Amino acid sequence: MTTALPAPVPATAVRRPPAPRLQLVGDRPPAVPAGVIGGGRVGYLVFLPADVDPVAVMTAHGIRPEILPLDARTLPAPEPAPAAQHPAPGRPGDAIRIDGARRLAEVDGRELDLTYLEFDLLAHLVAHPYTVHRRDALITDIWGYGHIGDGRTVDVHVARLRRKLGPAHRGRITTVRRVGYKYVPDHQ
């Protein structure tokens, strides 16, 4: 038994719906009254070719463009100049120091080579000493999503952190069995 294939349809015979067109809207959509909260103005992002004047297009469609000149009084205040030294936050005498602004971690004055997540995990633990952090809470706080899996992700990152801290300081991140971890700054 043979099956006949349908005859190919020429490209000119295929009818496509017209491409959607950009429509300019006035100050508020017609269905939203002016007095309704949240109804007032609606913002739009419109892309135009480089050779098209947006003011002329809006004027042609009956929209009065609001062009506000940039005034020196409306500019945000300049940020203060950065200090020459960036003091690392932490307890006085603590061997582990974290500088969040420069994303720098030091142990006894030696800079640690940490990944992005290792730095965030260490900074979080150091910022909350003596606090027991559950594995799923660390995943939410550091990784930014809910608990997925068995918590081994946190265990692996803590093991890497301990290895990078070195034998003299790896005990500062202590394990709370079946719960999580805590940072103990004065651990020997």
Side-chain angles (χ1 to χ4, degrees), residues 20 25 28-29 32 36-48 66 68-188:
V25 182
R28 61 184 166 275
V32 180
V36 176
I37 295 177
R41 297 178 178 258
V42 177
Y44 293 94
L45 177 63
V46 180
F47 293 99
L48 297 172
E66 293 181 27
L68 304 173
L70 187 60
D71 189 359
R73 290 174 286 168
T74 61
L75 292 175
E79 293 188 20
Q85 293 184 8
H86 298 277
R91 296 170 170 242
D94 192 3
I96 299 176
R97 299 177 57 82
I98 304 293
D99 185 350
R102 296 188 300 165
R103 293 194 62 84
L104 179 70
E106 295 178 347
V107 175
D108 288 333
R110 173 180 55 95
E111 185 176 335
L112 295 176
D113 183 27
L114 301 176
T115 65
Y116 183 83
L117 288 172
E118 288 170 348
F119 177 84
D120 285 348
L121 179 59
L122 182 61
H124 185 76
L125 292 172
V126 170
H128 305 94
Y130 306 107
T131 303
V132 178
H133 301 276
R134 293 181 10 245
R135 286 175 178 85
D136 58 344
L138 287 171
I139 291 224
T140 301
D141 293 343
I142 306 303
W143 279 259
Y145 51 83
H147 180 70
I148 297 173
D150 61 357
R152 288 295 297 157
T153 302
V154 177
D155 297 342
V156 168
H157 279 78
V158 167
R160 290 180 184 160
L161 269 178
R162 285 175 172 159
R163 203 169 25 249
K164 291 180 179 183
L165 289 174
H169 302 288
R170 70 178 47 157
R172 292 174 186 258
I173 300 175
T174 61
T175 302
V176 179
R177 293 202 184 274
R178 300 188 62 153
V179 179
Y181 298 95
K182 70 177 175 179
Y183 175 71
V184 182
D186 50 5
H187 188 273
Q188 297 300 328

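Here the structure is a predicted model, which means the values were calculated and not measured. Worth knowing before you read on, the calculation uses all heavy atoms, side chains too, and leaves out hydrogens, waters and symmetry mates.
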Separation of Arg163 CZ from Leu161 CG (nearest 0.5 Å): 9.5 Å
Polar side-chain atom of Arg103 near backbone of Tyr116 as donor-acceptor pair, under 3.5 Å: yes
Check against side-chain contact (heavy atoms from CB on, under 4.5 Å), Trp143 and Asp120: CA-CA 9 Å; Trp143 279 259; Asp120 285 348; over 6 Å; no
Heavy-atom check, side chain of Arg162 versus side chain of Tyr181, under 4.5 Å: yes
His124: ring pair (Phe, Tyr, Trp, His ring centres under 6.0 Å) partners, not counting sequence neighbours: His128, His133
Pairwise side-chain contact, Asp186 with Tyr130, heavy-atom cut-off 4.5 Å (strictly under): yes
Close side-chain approach of Leu125 to Lys182, heavy-atom, < 4.5 Å: no
Pair Thr140-Arg135, side chain to side chain donor-acceptor pair (under 3.5 Å): steps then yes or no: CA-CA 9 Å; Thr140 301; Arg135 286 175 178 85; over 6 Å; no
Rounded distance [0.5 Å steps], CZ in Arg170 versus CG in Leu165: 8.5 Å
Pair Arg134 + Asp136, salt bridge at N-O below 4.0 Å: yes
Exercise: identify the closest heavy-atom pair between Leu104 and Phe119: N-CE1, 3.4 Å
Ile96 side chain near Glu106 side chain, heavy-atom distance below 4.5 Å: no
pair Ile173-Leu122: side-chain heavy atoms closer than 4.5 Å: yes
Neighbour count >12 (heavy atoms, 6.0 Å) for atom CZ, Arg110: yes
CG on Asp113 to CD on Glu118, rounded to 0.5 Å: 8.5 Å
